[in-house]
A.B. asks: 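Can you keep this structure in mind? I'll have questions shortly.
Chain letters run A, B, ... following the sequence lines, proteins first and then strands; every chain starts at 1.
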Amino acid sequence: MVSIQNLSFSYRKKPVFNGLNLSFQAGHVYGLLGKNGTGKSSLLRNIAGLLFPQKGTISVNGFTPGDRLPIFLQDVFMVPEEFYLPDIPVPDFIRSYVPFYPRFNSDKFRDYMAVFEIPSDSTLQNMSYGQKKKVLISFALASNAKLLLMDEPTNGLDIMSKSQLRKILAQALDEERCIIISTHQVKDLENLIDRITVIDDGKILFDQNVEDISRKLSFRFAIDEADLADALYSESSLAGNVIVTPSREEEETRLDLELLYKAIVTNSSKITKLFHP
Amino acid sequence: MNQFFSFRRFSLLISKHWADNKKRYLLSVIGFALLLIVWFIFTILVDPHSPMQQEVQILTFFFALFGTGAFYASQYFRDLGSRAKGINFLLVPASAVEKILCSILFTIVIFFSVFTAVFYLVDVLMVTISNQFLTSHNPIRQEGVINVFRAAILPFDGISTLNVLLIFFTVQSIFLLGSVYFAKYSFIKTVICSFVVFFLLFCLIYVLYEYVMPRGGYVNGFTSYRVSRFNAGEDHLVQIPGWIDDMIYFVLMYAITPFLWVVSYYRLKEKQV
C-alpha cells in the first residue's frame, strides 16, 4: 500500500531522512516509535503529500502523494497532532465534509461518536481539545479511507477515551485498510499495533512484527544475577529487575512495548543481531 | 472522475468554504455596513449644507472596495500559515485548480457582488435620509444615488469605471497570490513587494526612456515617438504599428489577472506544511 524508496528529506539545513526504505501493507496497524525530532511526523506528512521528498519516491496506492490528486486524498486520512476543525455544529461539519469521501459511513460515525460519548448534535466550538480529537478520529475511521495516518492520537485523551480508542481502532481495521500510528505513548496502543517500526536519527532502527518479537524476546523479571547479565535491557522496579532478554524455547511472555523501545534504543546492535542473525 | 477539475467537487468546495466561514463573513458584512453608515454620517456632519455628494459616494465606494477587497484577498489562504489549518486545507479531496477557482470566486466575484449590494443598501438609505431630513430645512440641491458603473472618477477623467474595476480584479489577484506566497503578515508583505516591483519597473522605464531612447518625446500615446534632431533641424516621427498598442493595452487590462491566477495555482500546488 505504501512504498518508500530511498527517501531523503531535510528541513533547510537539517537532514531528517537519508535513503530511507520502508513499506506498509494493508490489514496491519503499524506503530511508528522514536524520540522527539527523529522524523516520525515528517514521515507521516511525506506519506500524506504535505511534504515533498528531496530524493527518492513514495507511492501510496499507486499514487505519488505530492501530486495531491483528489482520488488519492479520498483514500488517505490524517489525524495530525495539531489539528483544526471549524467552529461549526457537528451536523454542519458532516454535511460539508462527508461528500468529499465517497465511502463515508454515517452509521459508523454515529456509532464511534456514541462510543466516545459525544452527542452528534453538539457544536465543535464548545468542545474541549480531547472531544474535538474524538470527533476527528471518528470521522477519520468512518471515512473508510484505505490509509489512516495518526500522529500521537492518544495525546489529550483521558484514560477512558484511550481504551475507547483502542476498541474503535480494533473494530475499524480490515484487510483493505492500513493504519500507521506515530506515538510516544507506547503503552496506550500496546495490544493494537501488530508491527513496530522504530525510527532514530532518520533511519529505521527496528522494523518487526509483534508475532516475531514475542517469539524472540522475553519480557519478565530477572530470576538471578546470570539472568540480569544476559539481559538486552534491564530496569529496576519495586518488585525487582524487569528485563528484556532473548526468549528461551517455547517461552511466551507479554510484549511490553515500552521496555522493547528502551531496549532497542539502548542496545540496538544486539537486538538487530537477534532478528537478523 | 476528472482529477483536474470536477464541477461536483468545485461546488462541494464552495459549500464547505461557506459552511466553515459563514459566521465570520456575516459578521464582517454587518460590520462593514455599520462602518459605512458611521462614515456617511460623519461626512454629513462635516458638510451639512451639501450632504451625500456624489463625489463622496463614489470615492467611498472605490476606496472601500480596494481597501477591504485587498485585505480580504490577502487573508484567503491564511490557513496555510498555520500547520493545523494548512493540513486541513491541503488534505481536502479537491484539486489545486478547484481550490484556486474557489478562492477567485469568493475574493473577486462574490466579494464584489456582496460589497456592491451592501454599499448600495447603505448608500440608498443614507441618500434618502439626508434628502428627507437635512434638505427639508435647507434650500439645498438634493443628491441622487451614484451609479458606480457610469461615474467619472475626478482625478482620473480618462479612465472609465469599468477599467477601474478591471484594475480592482488585478489588485485582488495580486493580494490573493500574496496570500498563497506569504505564510504570515501577507497583507503587509504583499504591499511592500508590490511597491518594490512597481518601483523597479518605474526605474527600468525611466532608465530606458532617459538613456536608451533617442532625444525626443512620445506623441499621442506610446505608439508614436518624435526624435528631435537639433543639428539637422528636422524632427523624425517614429511610429510602431497600432496592433502593438492594442496588444499592450490588452495585456495590461486582461492578461495580468489570469497570469496571477496561474502563478497562484502553481504556488498552491507546491505548498508544503
A.B. asks: Taking atom OG of B:Ser15 and atom CZ of A:Arg95, what is their separation to the nearest 0.5 Å?
C.D. replies: 11.0 Å
A.B. asks: Identify which of B:Asp20, B:Leu13, B:Asn21 forms the greatest number of heavy-atom pairs closer than 4.5 Å to chain A.
C.D. replies: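 The option with the most such pairs is B:Asp20.
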A.B. asks: By a 4.5 Å heavy-atom criterion (distance strictly below it), what part of B:Lys22 contacts chain A: side chain, backbone, both, or neither?
C.D. replies: side chain
A.B. asks: Could you give the distance from CZ (B:Arg24) to CG (A:Asp87), rounded to the nearest 0.5 Å?
C.D. replies: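 Spacing of CZ (B:Arg24) from CG (A:Asp87) equals 11.5 Å.
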A.B. asks: Answer yes or no: are there more than 12 heavy-atom neighbours, outside A:Asp67 itself, under 6.0 Å from its atom CG?
C.D. replies: yes
A.B. asks: Indicate the atoms forming the closest heavy-atom contact of B:Val273 with A:Leu51, along with that distance.
C.D. replies: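 Scanning both residues, the minimum pair turns out to be O-CD2, 3.5 Å.
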A.B. asks: Using a cut-off of 6.0 Å, state whether more than 12 heavy atoms not belonging to B:Tyr185 lie near its atom OH.
C.D. replies: no
A.B. asks: Does B:Tyr25 OH have over 12 foreign heavy atoms under 6.0 Å away?
C.D. replies: yes
A.B. asks: Tell me, for A:Pro86 versus chain B, whether the close heavy atoms (under 4.5 Å) come from the side chain, the backbone, both or neither.
C.D. replies: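 Only the side chain of A:Pro86 comes within 4.5 Å of chain B.
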A.B. asks: Got a sec: does the OH of A:Tyr11 have more than 12 other heavy atoms crowding it under 6.0 Å?
C.D. replies: yes
A.B. asks: What are the two closest non-hydrogen atoms of B:Leu268 and A:Arg68, and how far apart are they?
C.D. replies: O-NH2, 3.2 Å
A.B. asks: How about CD on A:Gln54, more than 12 heavy atoms from neighbouring residues, nucleotides or ligands closer than 6.0 Å, or not?
C.D. replies: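 More than 12 heavy atoms, drawn from other residues, nucleotides or ligands, come within 6.0 Å of this atom.
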A.B. asks: If you count heavy-atom pairs within less than 4.5 Å of chain A, which of B:Lys85, B:Arg8, B:Lys23, B:Lys271 leads?
C.D. replies: B:Lys85
A.B. asks: Tell me, for B:Lys269 versus chain A, whether the close heavy atoms (under 4.5 Å) come from the side chain, the backbone, both or neither.
C.D. replies: both
A.B. asks: Which heavy atom in A:Tyr101 sits nearest to a heavy atom in B:Pro93, and how many Å separate them?
C.D. replies: OH-CD, 3.5 Å
A.B. asks: Which answer fits A:Ile88, side chain, backbone, both or neither, if we ask what part of it has an atom under 4.5 Å from a heavy atom of chain B?
C.D. replies: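 For A:Ile88, the contact with chain B is made by the side chain alone.
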A.B. asks: Between A:Arg45 and B:Ile87, is there a side-chain heavy-atom distance shorter than 4.5 Å?
C.D. replies: yes
A.B. asks: Please say whether more than 12 non-hydrogen atoms of neighbouring residues, nucleotides or ligands are located less than 6.0 Å from OH in A:Tyr129.
C.D. replies: yes
A.B. asks: Among A:Ser96, A:Pro70, A:Pro80, who wins on heavy-atom pairs under 4.5 Å with chain B?
C.D. replies: A:Pro70
A.B. asks: Considering all heavy atoms of both residues, which atom of A:Leu73 and which atom of B:Leu90 are nearest to each other, and what is their separation?
C.D. replies: CD1-O, 3.7 Å
A.B. asks: Working to the nearest 0.5 Å, report the span between CD of B:Glu270 and CZ of A:Phe52.
C.D. replies: 8.0 Å
A.B. asks: Take a 6.0 Å sphere around CG of A:Asn6 and say whether it holds more than 12 heavy atoms from other residues, nucleotides or ligands.
C.D. replies: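 More than 12 within 6.0 Å, yes.
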A.B. asks: Is it the backbone or the side chain of A:Phe100 that comes under 4.5 Å from a heavy atom of chain B, or both, or neither?
C.D. replies: both
A.B. asks: Counting only heavy atoms not in B:Trp261, do more than 12 sit closer than 6.0 Å to its CH2 atom?
C.D. replies: yes
A.B. asks: Name the region of A:Phe77, side chain, backbone, both or neither, that has any atom closer than 4.5 Å to a heavy atom of chain B.
C.D. replies: neither
A.B. asks: Between atom CD of B:Gln272 and atom CG of A:Asn46, what is the distance when rounded to the nearest 0.5 Å?
C.D. replies: 8.0 Å
A.B. asks: With a 4.5 angstrom heavy-atom cut-off, could you sort out which part of A:Pro99 is near chain B: side chain, backbone, both or neither?
C.D. replies: both
A.B. asks: Please classify the contact of A:Asp75 with chain B as side chain, backbone, both or neither, using a heavy-atom distance under 4.5 Å.
C.D. replies: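 Interface part for A:Asp75: neither.
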